[in-house]
Amino acid sequence: MRLRLAAPAILFIAIAPAAVAQSASAPFTGRDLSGTYACTGVDGHEGAYTSTVTLEMDRAQSHGTRAGYHFRMEVPSYGTYRGVATADGDIMAITFAHDDPATQDYGTGIAKVTRAQDGKVRFDKFYYEEAYKGGNTGTESCVRN
């Protein structure tokens, strides 16, 4: 049996690895989301809360419009969450885990990055936690200070 690929498919297969390599080495040209954010959220189990989120870009792992970040969230009277975030333009994905693994309070969020009416950078996040108290979701809105 003979496999026949159309010319466009062959061209794509030939240039795709080069395109990926170029984007990984390109300098970062996107919006730097680093900073401290004041956040309000609503957790499916815990209700309303406030937090402070800090994002710090990993410049060695940020290329073109895509960036990697170290993530830290501090919730008064509850504790600290650490994780990573990755942004591509105005979309950001975040993984996080409470410092106390016994809480099983860890998850993944997706956020839309915009500018608030006063021009400050903000993100609005939806998150999912598989194990926390049998499963959980929540939302959070954060504005950079």
Side-chain angles (χ1 to χ4, degrees), residues 5-6 8-145:
L5 294 175
I10 292 171
L11 180 61
F12 174 77
I13 292 168
I15 65 171
V20 170
Q22 286 176 352
S23 67
S25 62
F28 179 71
T29 58
R31 178 175 28 186
D32 184 354
L33 303 175
S34 296
T36 303
Y37 293 76
C39 305
T40 58
V42 179
D43 183 90
H45 287 298
E46 307 303 330
Y49 67 93
T50 62
S51 67
T52 301
V53 165
T54 303
L55 291 173
E56 180 185 340
M57 183 190 287
D58 182 343
R59 292 215 174 266
Q61 303 305 323
S62 301
H63 315 284
T65 60
R66 298 174 178 149
Y69 295 90
H70 303 282
F71 174 89
R72 186 177 75 239
M73 181 172 79
E74 297 174 51
V75 180
S77 303
Y78 195 73
T80 301
Y81 296 78
R82 297 179 202 282
V84 296
T86 184
D88 186 355
D90 62 357
I91 302 297
M92 182 168 49
I94 302 163
T95 60
F96 57 89
H98 192 276
D99 278 352
D100 179 1
T103 65
Q104 294 191 336
D105 195 352
Y106 57 87
T108 301
I110 188 162
K112 175 82 171 163
V113 179
T114 59
R115 289 208 181 263
Q117 288 183 342
D118 61 5
K120 291 183 177 182
V121 174
R122 69 173 291 144
F123 65 85
D124 295 289
K125 177 176 79 174
F126 169 77
Y127 61 87
Y128 166 67
E129 299 174 300
E130 175 186 29
Y132 185 65
K133 296 185 177 182
N136 192 33
T137 62
T139 58
E140 190 171 64
S141 294
C142 301
V143 178
R144 187 162 61 184
N145 297 332

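These numbers come from the heavy atoms of this one structure, side chains and all, not from hydrogens, waters or symmetry mates. We're numbering straight along the sequence, starting at 1.
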(message) Looking at every heavy atom in both S62 and G68, which two are closest together, and how far apart are they?
(response) OG-N, 3.1 Å
(message) Keeping Y49 on the side-chain end and V75 on the backbone end, is there a donor-acceptor pair under 3.5 Å?
(response) no
(request) For residues H45 and E129, determine if any side-chain heavy atom of one lies less than 4.5 Å from a side-chain heavy atom of the other. (result) no
(message) Minimum heavy-atom separation for D32 and R144, please, with both atom names.
(response) O-NH1, 3.0 Å
(message) What I'd like to find out is whether the side chain of L55 reaches to under 4.5 Å of the side chain of M92, using heavy atoms alone.
(response) yes
(message) For the residue pair Y127 / N136, report whether a side-chain donor-acceptor contact shorter than 3.5 Å exists.
(response) no
(request) Nearest 0.5 Å please: distance from the CG atom of D100 over to the OH atom of Y106. (result) 13.0 Å
(message) With heavy-atom distances below 4.5 Å as the criterion, would you say the side chains of D124 and T139 are in contact?
(response) no
(request) For the pair H98 (side chain) and Y78 (backbone), establish whether a donor and an acceptor sit closer than 3.5 Å, ignoring hydrogens and angles. (result) yes
(message) Any donor-acceptor pair under 3.5 Å linking the side-chain atoms of Y132 with those of E46?
(response) yes
(request) Answer yes or no: are there more than 12 heavy-atom neighbours, outside E74 itself, under 6.0 Å from its atom CD? (result) yes
(request) Compare all side-chain heavy atoms of V113 with those of F123 and state whether any distance is below 4.5 angstrom. (result) yes
(message) Side chains of Y128 and I110, heavy atoms from C-beta outward: is any pair under 4.5 Å?
(response) no
(request) Please report the shortest heavy-atom distance between E140 and C142, naming the atom on each side. (result) CG-SG, 3.7 Å
(message) Between R72 and D99, does any side-chain N to carboxylate O distance fall below 4.0 Å?
(response) no
(request) Heavy atoms only: give me the nearest G64-F28 pair and the separation to one decimal. (result) O-CD1, 3.3 Å
(request) Using modelled atom types only, decide if a donor and an acceptor are shared between the side chain of T50 and the backbone of C39 within a distance under 3.5 Å. (result) no
(message) Using only atom types and a distance under 3.5 Å, with no angle test, would you say the side chain of S34 pairs donor to acceptor with the backbone of M57?
(response) yes
(request) Evaluate the side-chain proximity of H70 to T54: yes if any heavy-atom separation is below 4.5 Å, no if none is. (result) no
(request) Can you see which heavy atom on T65 is nearest to which on T29, and at what distance? (result) N-OG1, 4.0 Å
(message) Would you call the rings of F71 and F96 parallel, tilted or perpendicular, taking 30° and 60° as the class edges?
(response) tilted
(request) State which residue, out of R115, K112, R122, fulfils the salt bridge (Lys or Arg N to Asp or Glu O under 4.0 Å) condition with D90. (result) K112
